[in-house]
Amino acid sequence: MNDPHPTAASMPTSDPLPRSVTGLPKRQVFVALALAIAIVMGAWIVGGQAGLDQIGRGGINRQYMPRVGEVAPELLMIGPEGTPVRLSDFRGQAVWLNFWGSWCPPCRAELPDIQAAYAELSPRGVVLIALSIDQTRASASEYARANGATFPVYNVPYRALIAEDYDLRNVPTHMFIDETGVIRAMVAGSLSEGAAVAHSEALLAGDASVSDITEGN
């Protein structure tokens, strides 16, 4: 029969965890915790590969970069003189936009070709925007000058600042933009002097065709 007035001695002692847990050997508890952590980490990795880590930044529902044939989104940069410059400031001119960084081995390898193409195209009216990312403007400029480059260096210190419209996943990347601001060609990868000249000449000729190139040449 239950005691209607139990004493402290007769009351069960409190157990902070169920006996099914506290009764387990410590080794089994640690294994269970490790398994739970592994499951969580696995879900996080799979979610990132599926693009779930882009929720809130627009990445899961759109292409990584603007599409060829569309007007290039506005882009705010630090200019060669250290002052703000916008991509729209060059409207009315043929623009070759090159995303690069001196920390990037393919960018370093293609620099002589970029310089040679710039020397040929600049007098013909093509604007090269050599936009360094993920580094300071000073370090990018210093590297360019030390390696014989004469083109002006623009800068965005952190790619996250432009990721909403230019979600770069490959460096170098080249975009060729006509005088109306429309992207006419894109190259995700290294670019030869000949290819840079050919794309730029198409801009100068007013060629309205588009060329979406996913690999450098």
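All values derive from a computational prediction rather than experimental measurement. Throughout, numbering of the chain's residues begins at 1 and tracks the sequence.
- For the atom pair CE (Met65) and CG (Leu168), the distance works out to 4.5 Å, reported to the nearest 0.5 Å.
- Taking the side chain to side chain donor-acceptor pair (under 3.5 Å) definition, one finds that Ser102 meets it with Gln135, sequence neighbours left out.
- Taking all atoms of both residues into account, the shortest heavy-atom contact from Ser141 to Val153 is OG-CB, 3.7 Å.
- From Met175, atom CE reaches atom CG of Leu131 across 11.0 Å, with rounding to the nearest 0.5 Å.
- Remark: side-chain polar atoms of Ser200 are paired, donor with acceptor, to backbone N or O of Ala196 under 3.5 angstrom.
- Each ring pair (Phe, Tyr, Trp, His ring centres under 6.0 Å) pair with one or both residues in residues 176-197, not counting sequence neighbours, appears once here: Trp96-Phe176, Phe176-His199.
- At distances below 3.5 Å, not a single donor-acceptor pair connects side-chain atoms of Glu70 with backbone N or O atoms of Ile183.
- Shown here are the side chain to side chain donor-acceptor pair (under 3.5 Å) partners of Asp134, two or more places apart in sequence or in another chain: Arg159.
- Formation of a donor-acceptor pair under 3.5 Å by the Asn170 side chain with backbone atoms of Pro172 is found in this model.
- At distances below 3.5 Å, not a single donor-acceptor pair connects side-chain atoms of Tyr118 with backbone N or O atoms of Ala149.
- Judged by distance alone, with hydrogens and angles left aside, the side-chain atoms of Asp113 form a donor-acceptor pair with the main-chain N or O of Glu193 at under 3.5 Å.
- Note on ring orientation: taking the six-membered ring where Trp is involved, the planes of Phe151 and Trp100 are perpendicular (angle over 60°, cut-offs 30° and 60°).
- Looking only at distances, a side-chain donor or acceptor of Asn155 sits under 3.5 Å from a matching main-chain atom of Ser132.
- Crowding of Glu179 atom CD: a count of heavy atoms from other residues, nucleotides or ligands under 6.0 Å not exceeding 12.
- With values rounded to the nearest 0.5 angstrom, Arg91 atom CZ is found 9.0 Å from Ile177 atom CD1.
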